Each structure stands twice: as structure tokens, then as C-alpha cells.
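Below is one structure, written out as C-alpha cells; comments come after it.
Being a predicted model, the structure only gives us computed values, none of them experimental.
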Amino acid sequence: MASDGKTRIVVLGGGFAGVHAARALRRRLGADAEVTLINATNHFVFQPFLPEVAGGLINASDAVSPLRALLPGVRVRVAEVHGVDFEAKTVTVVQGMKRRPIPEPYDHLAIALGLGADLSGVPGMADHAYPIKSLADAHRLRNRVITCLEHADVTQDRELKRRLLNFVVIGAGFSGIEVAGELRELIDGALRYYPRIDRAEVGVHVLEFAPRILNELPESLASYAQARLEARGVSIRCGVAAKSLHARRLRLSNGETIESETVVATIGAAPHALVAALPLPNDRGRIRVDRSLRVEGRDDVWALGDAALIPLKDAPRDRADWAPPTAQFAVREARLLGDNVAAALAGAPLKPFAYASKGSMASLGGRRAVATVFGLRLSGFAAWLLWKAFYLSFLPGVATRVRVLVNWLLAAVLPRNAVQIDQSAARAARTVHFNAGDQVFEPGMISRAFYVILTGAFELTIEENRARRTLRLGPGEHFGERVILGEGERTGSVRVLEDSTVLRIEREDFERFAQGFAPLRDYFDRHLATRLPEDAPGAEAVALRSAG
């Protein structure tokens, strides 16, 4: 309990399940509980609209809503979840400039972190493919398509032009089909501005390992969808998988290759890294819960959405006996969570989760879609209107609904937005200036970068096992590598002795370079052993020698 007597309920994740769970808990418990939602960003992303963002149909800002506006009365904390201590009943989060782990106490915890992405199963996919999991992914893909059109319009190299105008989508589920349809729409609408590109030169290819596309829908609707897309110039191939991906070439499982500069990956859904690491009952990366959404063996921990394996009957056996990871089910799970947490606090019986899907639908672009609703099968324009109405009603927030509706109406009479917006990638290495007296690191901070000193001087103090060593570091020397390559949490501090300049290299880039370049890794192994040997004296030792 909080000091004011309120029950503290923490929700992890700001997707469909997390947002609706926080809202349901606030509505159900009111002022008797303090509901906190923890998410890495301060906004909710409406995932079904990512293909439309990539296709230039709606603005990127219209696919997101600010969490604080969506959740009045809910405490929103923008932070990374670093871990959970179930015995102490705390969630460790990392946020702010100092990157120090901070405990967030709870009385009840709801885990709704969703799925992550893992493209490592196909060599080269993680390095060269364009995923479509986030708003940034969708925006980056649209920029990429327009960049390819710009270059293809001026190049004299026929092979390069062919690669630039070949767009490949891997995966023919809902996301893959919708991305392919929207990309075809974007390209066809933009070609009027590129007179040196003939429509017949553009190829949009969809690859699917299963025998057919849209396995979640009846075969008749899948056949309609395929025929409709192929009539619009989308090539679909089933029964084939990606074997490897290079910068310019995609190799297939049947030995064929596709020359392409743009490969979109709608596959690779994987358990969230934190969910997989938690000491909770787990089945293939999803937390096992009972029908009330409570985690097996825990009275105060709940899970829902993509993070949870939720049975729909008492003795589940088949795939259909568990709740699918869809937004439709996540919203219903969230409502039940609000009721069951309230019941648990009151000592009342919990309700089991029971819900039957109302249907599924997929947009094909070109004002056509396919859908099953309450057992009815729809296709064509009517299904497209239903798709629009359904997702418009699902959007959180009246303002967002109005903006999206206006965009859709304008798109009916105006061309799509084919503007190329520069999104310069974050620099892997950049220069940072410090003033004398600044504190760069403090004990307990989470490491984010490696630093090379260009000018000035720093004081590095390492305290470990009651040993304290102070080093003066100058130009050409470095710091930050010990935690990145070793323990992950700082046990020392770095203070600026005089106005200084450093080269800062981001953690992921430094790790990749150090792991891939063996001589550099060997150097750091020797360097770390020298900087703080196991027999370091307990008394303070000041070393003015080179630390490199």
C-alpha cells in the first residue's frame, strides 16, 4: 500500500493491452488505487495503421496518441523496464539523463509488454531488411521507397534500376498483405512525377512460406485477395521462404534469387526480451496464466495481451483453445483484468476469460478489402468500408479519429503524400564537450556509451570489494568500456577535472565493433585486467600513469 493507503497497481506496456488495462483499472477502482503505466515512449501506437503510414495515406502523427491524454487519472511513467523483483514487489526502471535504476513498488502488477522482433533466423535479415513494427519503421520504409524512385528515375545503370524498382515483402499475413497493397498504391500514385519510370518496370513481390496467403481467413477470401492484388501488379509466391539476405540480393529456399534494394520483413515476431527472462511460468516466450489472467503461482501478478498465454477453456489442447494475440482480444482481456483485480482486492471470486472473435479483416489497397464478420464473408468495396469503420471506432481519442477520418476523405480526391522527409540516422560517434566539475558518471548508472578523450582531463574512481582506485585520464585515453563489456552497471564515477572534449561512441555500435574485431576485443581484455587487477589494494591508490 502507498503511504496514503491507496493500492498501487503497475501496468507494464503501452500497447492495446496495457492502455486498455490501465483505463479499465482506473475506471473500476477510481480513487482507491494509484494506477501507474510504464512504457518506453509517451505515446500509444495504433499498429493497424502502420501500413497506411508507410504508404503515405495518413500522417505518422495520426497513428499515435499521447498516453497522458488517453489515460486521465493514470500516472504515466516513460522509462525502460530493467527487471522485476517479485519478492520485494518492485519493478526496476531506468529513465532520465543519469540512467540510474529506480525501484517502482507495486501491490499488483499487470504485464502487457507484447511481442518483440527477431530476424536472426535468416542470415542478413536483421542487417538489411526493413521491419514494420513501429512508427519509425513505417516512416523509414516510406522514405526508402521514395528514395528508390528518385534514384531509379535518373540512373543509366539498368541493373541498378531493376534492383531499385524491385520491392519484396516477406510474409503474407495481415501485415504483409496490407503493406504490399499500400506500397503498390504509393508507387502507382507517385509515378506521374517520375517520367523515366514505366509502371511495368516496378515489381512488388510477396513471399509466403505457407501454402497460401492470409491463413487466418477462409480460403475463398484469401483467393479473392490474391487475385485482386495480382491484378494490381503485386506478385505473390507461396511455399517459398527467405534463405539469406544481402545488401542487394535475396536468396530463396528453392535456390532462386531476387535482386532488390528494399526487402520488408513482416515476419519475426518473438517474445519480449524481459518477458522471456522473468522467473515466471513460460511457454515459448509467453507467460502462463489461468483463465482469470492471473499468473500461475502468483496472487498479485497478472498478464495479458501478446505477453500472455491465456486459455479459453479449462482443459486447452488445440491452438484455438488459447486467446490469439490480436487487438480485439487484448481489449476484452483488459476489461476483465479491471474486474478481476477489483474482485481480488475485495476478496470476491474471479471471472474466467471467455470471448469469441467477432471476425477478421485485411485491407488490400485500391479501396478493396476482405473480411469475416459474425460468420459472414465480405470482399471488395463493402469490406473496405467496414475495415475503415471498424478501426476508426477502435482508435483511442476523439481528436485522433477526426484527424484520421479527414485524411481518408482527402485521400479520396487528392494524391498521396510522396514527400521525402530526411531522417538522418543517429551518429554512432559524436563529439561531446564537458566543463570542469561536471560529473559524467555516478555509481549505479546504466552504461550507454564509450568515451575517448580528445582534450582535457578526467578523474576515474573505481570502488569494488572495498578497493578504491583513482586514475587521472588524459587525451588518447578512454573510459566506459568496463561496464559495457562486463557487468552492465557502473561501480565507479568519472569527474571532469578541466574543460574537456570527448568522442562518444554509442553502446550498441561499440559492442558490435569490439565483438567483431578480435584484436580490439583482445586489447580491452588486457586493458581491463590492468586497470583493476584482482589483488588491488584496499587503500586508495592514485595512478598518473597511462590507463590505456
inquiry  = Is the distance between the ring centroids of Phe479 and Phe441 under 6.0 Å?
reply    = yes

message = I need the Leu345 CG to Asn340 CG distance, nearest 0.5 Å.
response = 11.0 Å

task = Assess whether side-chain contact (heavy atoms from CB on, under 4.5 Å) is satisfied between Val289 and Leu309, documenting all intermediate values.
result = CA-CA 6 Å; Val289 300; Leu309 187 66; 6.0 Å; no

inquiry  = Show every salt bridge (Lys or Arg N to Asp or Glu O under 4.0 Å) that has at least one partner inside residues 403-414, sequence neighbours left out.
reply    = Asp62-Arg403

task = Any salt bridge (Lys or Arg N to Asp or Glu O under 4.0 Å) involving residues 351-372? Give me the pairs, sequence neighbours left out, ordered by first then second residue.
result = Asp339-Lys351

request  = Take Arg294 and Asp299 through the side-chain contact (heavy atoms from CB on, under 4.5 Å) test and state the conclusion after the steps.
outcome  = CA-CA 7 Å; Arg294 193 152 56 181; Asp299 293 332; 4.1 Å; yes

task = Verify salt bridge (charged side-chain N to carboxylate O under 4.0 Å, His left out) between Arg448 and Glu506, making sure each step is shown before the conclusion.
result = CA-CA 6 Å; Arg448 296 182 65 184; Glu506 296 304 314; 5.4 Å; no

Taking every non-hydrogen atom, the tightest pair across Arg291 and Ala354 = NH2-CB, 3.8 Å

query = Are side-chain N/O atoms of Tyr130 and Arg144 paired as donor and acceptor at under 3.5 Å?
reply = yes

query = So, do Leu37 and Leu67 sit near enough that their side-chain heavy atoms are less than 4.5 Å apart?
reply = yes

inquiry  = Tell me whether Asp107 contacts the main-chain N or O of Thr7 through its side chain, where contact means a donor paired with an acceptor under 3.5 Å.
reply    = no

inquiry  = Test: salt bridge (Lys or Arg N to Asp or Glu O under 4.0 Å). Region: residues 266-290. Which pairs qualify, not counting sequence neighbours?
reply    = Arg288-Glu296

note = d(Leu278 CG, Leu113 CG) to nearest 0.5 Å is 8.0 Å

message = Under a 3.5 Å cutoff, is there a donor and acceptor pairing between the side chains of Arg504 and Tyr451?
response = yes

query = Quick one: which of Leu280, Val295, Val91, Asp300 gives a side-chain contact (heavy atoms from CB on, under 4.5 Å) with Phe86?
reply = Leu280

task = Output yes when Glu104 and Arg75 qualify as a salt bridge under the 4.0 Å nitrogen-oxygen rule, no when they do not.
result = yes

request  = Drop me the distance from Leu336's CG to Ser292's OG, to the nearest 0.5 angstrom.
outcome  = 7.5 Å

ask   = Does a side-chain heavy-atom distance below 4.5 Å link Leu364 with Val370?
value = yes

ask   = With a 4.5 Å heavy-atom cut-off, do Val341 and Trp302 have their side chains touching?
value = yes

inquiry  = By the salt bridge (Lys or Arg N to Asp or Glu O under 4.0 Å) test, which pairs, at least two apart or in different chains, include something from residues 169-178?
reply    = none

Side-chain (Asp306) to main-chain (Gly114) donor-acceptor, under 3.5 angstrom = no

query = Taking the side chain as C-beta and beyond, is there a heavy-atom pair between Trp322 and Ile310 under 4.5 Å?
reply = no

task = Can you see which heavy atom on Ala225 is nearest to which on Ile213, and at what distance?
result = CB-CD1, 4.2 Å

request  = Provide the closest heavy-atom pair for Arg26 versus Val35 in the form atom of the first, atom of the second, distance.
outcome  = N-CG2, 4.1 Å

key: Test log, rule salt bridge (charged side-chain N to carboxylate O under 4.0 Å, His left out), inputs Arg142 and Glu185   = CA-CA 12 Å; Arg142 192 190 72 160; Glu185 285 281 297; over 6 Å; no

ask   = Is there a donor in the side chain of Gln328 and an acceptor in the side chain of Tyr355, or the other way round, less than 3.5 Å apart?
value = yes

message = Quick one, Tyr106 and Val301 - any side-chain contact, counting heavy atoms below 4.5 Å?
response = yes

request  = Applying side-chain contact (heavy atoms from CB on, under 4.5 Å), run through Ile187 and Val145 and close with a yes or a no.
outcome  = CA-CA 8 Å; Ile187 294 167; Val145 171; 3.8 Å; yes

ask   = Is Phe450 close to Arg507 at the side-chain level, that is, under 4.5 Å between some pair of heavy atoms?
value = no

Mind listing the side-chain donor-acceptor pairs of residues 46-61 below 3.5 Å, one per line with the distance, residues two or more places apart or on another chain?
{"residue": "Gln47", "atom": "NE2", "partner": "Lys133", "partner atom": "O", "Å": "3.2"}
{"residue": "Glu52", "atom": "OE1", "partner": "Trp408", "partner atom": "NE1", "Å": "3.0"}
{"residue": "Glu52", "atom": "OE2", "partner": "Lys388", "partner atom": "NZ", "Å": "2.9"}

task = Kindly give the heavy-atom pair with the smallest separation between Phe353 and Ala323, and that separation in Å.
result = CE2-CB, 4.2 Å

inquiry  = Could you check whether any side-chain heavy atom of Thr262 comes within less than 4.5 Å of a side-chain heavy atom of Leu141, counting everything from C-beta outward?
reply    = yes

ask   = Are the side chain of Asp137 and the backbone N or O of Ser134 linked by a donor-acceptor pair below 3.5 Å?
value = yes

inquiry  = Looking at Ile170, is its backbone amide N or carbonyl O close enough to the side chain of Thr266 to form a donor-acceptor pair, meaning the two atoms are under 3.5 Å apart?
reply    = yes

inquiry  = Working to the nearest 0.5 angstrom, can you tell me the gap between Ser357 OG and Leu312 CG?
reply    = 10.5 Å

request  = Give the minimum heavy-atom separation between Ala429 and Ile505, together with the two atoms involved.
outcome  = CB-CG1, 4.0 Å

key: Worked verdict on Thr372 versus Leu378 for side-chain contact (heavy atoms from CB on, under 4.5 Å)   = CA-CA 6 Å; Thr372 59; Leu378 301 173; over 6 Å; no

query = Where is the tightest heavy-atom contact between Ile132 and Ser175, given as atom of each residue plus distance?
reply = CG2-OG, 3.8 Å

ask   = Just wondering, do His43 and Pro66 contact through their side chains at under 4.5 Å, heavy atoms?
value = no

ask   = Are Arg77 and Glu34 close enough for a salt bridge, meaning some N to O gap below 4.0 Å?
value = no

message = The criterion is side-chain hydrogen bond (donor to acceptor under 3.5 Å, both in side chains); which residues satisfy it with Ser360, sequence neighbours excluded?
response = none

key: Exam field: side chain Arg68 to backbone Val76, donor-acceptor pair closer than 3.5 Å   = yes

query = Is Lys89 salt-bridged to Asp85, cutoff N-O under 4.0 Å?
reply = no

query = At what distance, to the nearest 0.5 angstrom, does OG1 of Thr92 lie from CZ of Arg100?
reply = 13.5 Å

query = With distance as the sole test, does Glu333 use its side chain to make a donor-acceptor pair with the main-chain N or O of Gly305 at under 3.5 Å?
reply = yes

task = Quick one: pull up CZ in Phe174 and CG in Leu217 and give me the separation to the nearest 0.5 Å.
result = 4.0 Å

Side-chain donor/acceptor of Asp438 to backbone N/O of Val440, under 3.5 Å = no

